[in-house]
Amino acid sequence: MMAPEPGLVVLRGGALSVLVAKRSLYTILALLLALALAVAVALSAGPAWLSPSQLLDVIKGDAPGGTRLMVLEFRLPRILTGVLAGASLGLAGSLIQTLTRNRLASPDMLGVADGAMLGVFMALIAGTTGMLGPWWVGPLGALGAVALLLLASGPLDSRGHRLLVVGIAIASLLRAAAELVLSQQELMHASALYAWSIGSLSGRTYGSALPLAGALLLLLPPALLASRRLALLRFDPDIATGLGLPVRATQWQVLLCAVLLAGMAVGVCGPIAFVALAAPFIGERLVGYGRGALLASALSGALLVAAADTLGRVVLGDAELPVGVICNLLGGPFLLYLLLHERNGETQ
């Protein structure tokens, strides 16, 4: 058996083997370690800080009942939900940026998040209830927004800048519609809707994390298996077709995965901006393009949401800033950074 080329390593599991770049492998492991540390800090952080020994006692089952309740029933569910939502947004952003060949494209910019938000608004107002709440309306609203976007902008193989400009207009219209719906509600109902629309992990339970985990388990494998085809999407459609890629089928597959992931995250946590824009940039800077970039983007998104939620719970002491507020504060300077680099030709 021939040895792999320098810089590559073979991962084997039974009859299966995968050739992976060492840079990607080490970066993914480093991101997993950083995420584990971020989760540990998040479990410790809050009005009542916990020491590492107290967290260890909770894991072993030796902690007092109050401490176990605080960690296992209040902090851990929201952190788990945030990590899964961040991973979904990071992966969705990476898929959309690959599809549009534009670094500035994200579910926020293309109206996907606003469509999901409007769908959830309408479901809440109509009194739609369920064991897990109307989270399932998020993907439906996101799909409706994308349908409207494609009707207005043309086919998927049009240049990413056109899709982005039309997407910004669609997003503005959908957000205006959501604000109109919000303005017609009674004060108490409007306050609850507004708190959700900011993007928050407060009150999230293990049941909230379940649909996000299911979406990732269902959609991450096909996204990873399509990584070679995703790399070809970075070329013009004619070139990709000449290389044997079924362009139209791949575009629809990528778009559907991205929209469902982003819509699910919004349906569970509300619109959390900045993550789907920044995570792919971080992931590709760390590992380059390909399968590793998708995983790195997902892990970067999870890390960003976990860190933002922790910061929001400690920056004001006893008060809490929603994770969406922290991400918006970080997103403005980051978007300016991307715009300046776009102008200088350093991004796609």
Side-chain angles (χ1 to χ4, degrees), residues 38 42 45 75 77-93 96 106-124 132-139 141-142 145 171-172 174-179 181-182 190-205 208-209 211-212 215 258-279 298 300-316 319-335:
R75 293 183 181 177
R78 69 178 290 162
I79 294 167
L80 180 61
T81 302
V83 166
L84 292 172
S88 298
L89 291 171
L91 181 58
I96 287 180
S106 73
D108 313 315
M109 296 290 189
L110 299 183
V112 174
D114 293 291
M117 181 177 69
L118 180 59
V120 174
F121 269 22
M122 300 300 294
L124 288 170
L132 300 177
W135 55 264
W136 48 268
V137 185
S172 298
L174 293 173
R175 180 164 289 274
E179 291 174 351
V181 171
L182 187 63
S191 298
L193 290 175
Y194 177 73
W196 177 87
S197 71
I198 294 175
S200 174
L201 299 177
S202 179
R204 299 304 183 269
T205 65
S208 304
L212 288 169
V259 170
L260 290 177
L261 285 167
M264 188 70 72
V266 174
V268 173
C269 303
I272 302 176
F274 160 69
V275 175
L277 180 69
S300 297
L303 185 58
L304 287 171
V305 173
D309 181 55
T310 303
L311 182 61
R313 288 190 286 122
V314 302
V315 68
L316 294 182
E320 178 180 325
L321 283 176
V323 64
V325 173
I326 298 295
C327 288
N328 271 315
L329 290 173
L330 297 174
F334 185 82
L335 179 58

Open item on the list: Using side-chain heavy atoms (C-beta onward) and a distance below 4.5 Å, is Thr310 in contact with Arg313?
Closed with: yes

Open item on the list: To check you understand the geometry: which heavy-atom pair defines the closest contact between Ala85 and Ala265, and what is its length?
Closed with: O-CB, 4.0 Å

Task: pair Ile96-Pro107: side-chain heavy atoms closer than 4.5 Å - done: yes

- [ ] Check each of Pro322, Pro77, Cys269 against Leu201 using the side chain to side chain contact (heavy atoms under 4.5 Å, CB included) test, and report the only one that passes.
- [x] Cys269

TODO: Taking the side chain as every heavy atom from C-beta outward, state whether Val120 and Val266 have any atom pair closer than 4.5 Å.
DONE: no

Task: Donor-acceptor contact below 3.5 Å, side chain Asp309 vs main chain Val305 - done: no

TODO: Keeping the roles fixed (side chain from Arg75, backbone from Ala45), state whether a donor-acceptor pair exists under 3.5 Å.
DONE: yes

Task: Closest contact, heavy atoms only, Gly86 versus Val275 - done: O-CG1, 4.0 Å

Task: Side-chain touch Val137/Met122, heavy atoms, less than 4.5 angstrom - done: no

- [ ] Determine whether Glu320 and Ser202 make a side-chain contact, defined as any pair of heavy atoms from C-beta on separated by less than 4.5 Å.
- [x] yes

Task: Interatomic distance, Leu80 atom CG to Ser208 atom OG [nearest 0.5 angstrom] - done: 10.0 Å

Task: Min side-chain heavy-atom separation Arg78-Val323 under 4.5 Å - done: no

Open item on the list: Working to the nearest 0.5 angstrom, can you tell me the gap between Leu304 CG and Ile326 CD1?
Closed with: 12.5 Å

Task: Test item: Ser200 side-chain N/O and Trp196 main-chain N/O as donor-acceptor pair under 3.5 Å - done: no

Open item on the list: Using side chain to side chain contact (heavy atoms under 4.5 Å, CB included), reason through Met109 and Leu335 one step at a time and then give a plain yes or no.
Closed with: CA-CA 11 Å; Met109 296 290 189; Leu335 179 58; 3.7 Å; yes

